[in-house]
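Both counts, for ligands and for their atoms, begin at 1 and track the order of listing.
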Amino acid sequence: MADCLFCRIVRREIPAQVVSEDDQCLAFRDIAPQAPTHILVIPKAHTASLEAVGDAAGVVGAMARMAQQVARAEGVAVTGYRTVINTGSDGGQTVGHLHLHLLGGRDLTWPPG
Ligand code: AMP
């Protein structure tokens with residue numbers, strides 16, 4: 001999608017600290033980290049949100065797999081981490097391209113705000 005922020009990161013039109021990439025997904029560091037490790041995992045193909053994923057839902061499994069691999073590479077898998085997909089305005093979604101937050105490296109409280 002031409003003017004989508006994360007599509008532009010996929011096309012390398014906007015710089016990002018990429019930590020992992022495969023044919024379906026890209027993982028990069030969040031620009032405003034909320035934990036020592038805060039990485040976003042996105043599908044390369046534009047999907048607006050989890051609500052819009054429809055027949056492309058298989059990509060969510062690919063995102064989870066990449067998050068697991070990145071968590072191990074970042075050294076947070078042993079102590080634990082959190083994965084979050086914000087969906088829609090009440091869900092706190094601010095970027096209209098499906099993304100999974102991988103947060104770790106500190107004790108994360110529950111429930112979230
Ligand atoms: P959400 O609120 O769930 O839609 O999350 C969007 C996330 O994208 C936020 O955590 C932002 O800090 C992050 N973000 C926005 N712009 C960029 C960027 N250019 N590079 C990396 N992360 C970004």
Atom CD of Glu51 with >12 non-hydrogen neighbours under 6.0 angstrom =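 No, CD of Glu51 has 12 or fewer neighbouring heavy atoms, counting only those of other groups under 6.0 Å.
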
Does atom CD of Glu13 have more than 12 heavy-atom neighbours, drawn from other residues, nucleotides or ligands, at distances under 6.0 Å?
->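 Check passes, neighbour count above 12.
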
What do you reckon, are the aromatic ring centroids of His97 and His99 less than 6.0 Å apart?
->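 Not close enough - the centres of the two rings lie 6.0 Å or further apart.
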
Provide, line by line, the atom pairs where ligand 1 and the protein bring an N/O atom each to a distance under 3.5 Å; else say none.
{"from": "ligand 1", "atom 1": "2 (O)", "to": "Gly92", "atom 2": "O", "distance (Å)": "2.9"}
{"from": "ligand 1", "atom 1": "2 (O)", "to": "Thr94", "atom 2": "N", "distance (Å)": "3.4"}
{"from": "ligand 1", "atom 1": "2 (O)", "to": "Thr94", "atom 2": "OG1", "distance (Å)": "2.9"}
{"from": "ligand 1", "atom 1": "3 (O)", "to": "Asn86", "atom 2": "ND2", "distance (Å)": "2.9"}
{"from": "ligand 1", "atom 1": "3 (O)", "to": "His99", "atom 2": "NE2", "distance (Å)": "2.9"}
{"from": "ligand 1", "atom 1": "3 (O)", "to": "His101", "atom 2": "NE2", "distance (Å)": "2.8"}
{"from": "ligand 1", "atom 1": "4 (O)", "to": "Thr94", "atom 2": "N", "distance (Å)": "2.6"}
{"from": "ligand 1", "atom 1": "4 (O)", "to": "Thr94", "atom 2": "OG1", "distance (Å)": "3.1"}
{"from": "ligand 1", "atom 1": "4 (O)", "to": "Val95", "atom 2": "N", "distance (Å)": "3.0"}
{"from": "ligand 1", "atom 1": "4 (O)", "to": "His99", "atom 2": "NE2", "distance (Å)": "2.9"}
{"from": "ligand 1", "atom 1": "5 (O)", "to": "His99", "atom 2": "NE2", "distance (Å)": "3.0"}
{"from": "ligand 1", "atom 1": "5 (O)", "to": "His101", "atom 2": "NE2", "distance (Å)": "3.2"}
{"from": "ligand 1", "atom 1": "10 (O)", "to": "Asp30", "atom 2": "OD1", "distance (Å)": "3.3"}
{"from": "ligand 1", "atom 1": "10 (O)", "to": "Asp30", "atom 2": "OD2", "distance (Å)": "2.5"}
{"from": "ligand 1", "atom 1": "12 (O)", "to": "Asp30", "atom 2": "OD1", "distance (Å)": "2.5"}
{"from": "ligand 1", "atom 1": "22 (N)", "to": "Ile31", "atom 2": "N", "distance (Å)": "3.1"}

Evaluate side chain to side chain donor-acceptor pair (under 3.5 Å) for Gln68 paired with Arg65, printing each intermediate quantity in order.
-> CA-CA 5 Å; Gln68 180 198 33; Arg65 179 76 178 136; 2.4 Å; yes

Only one of Val41, Leu40, Ile39 clears side chain to side chain contact (heavy atoms under 4.5 Å, CB included) with His101; which?
->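 Among the candidates, only Leu40 passes.
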
Taking all non-hydrogen atoms of both residues into account, name the closest pair between Met66 and Ser20 and its distance.
->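 Distance-wise, the nearest heavy atoms are CE-OG, 3.6 Å.
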
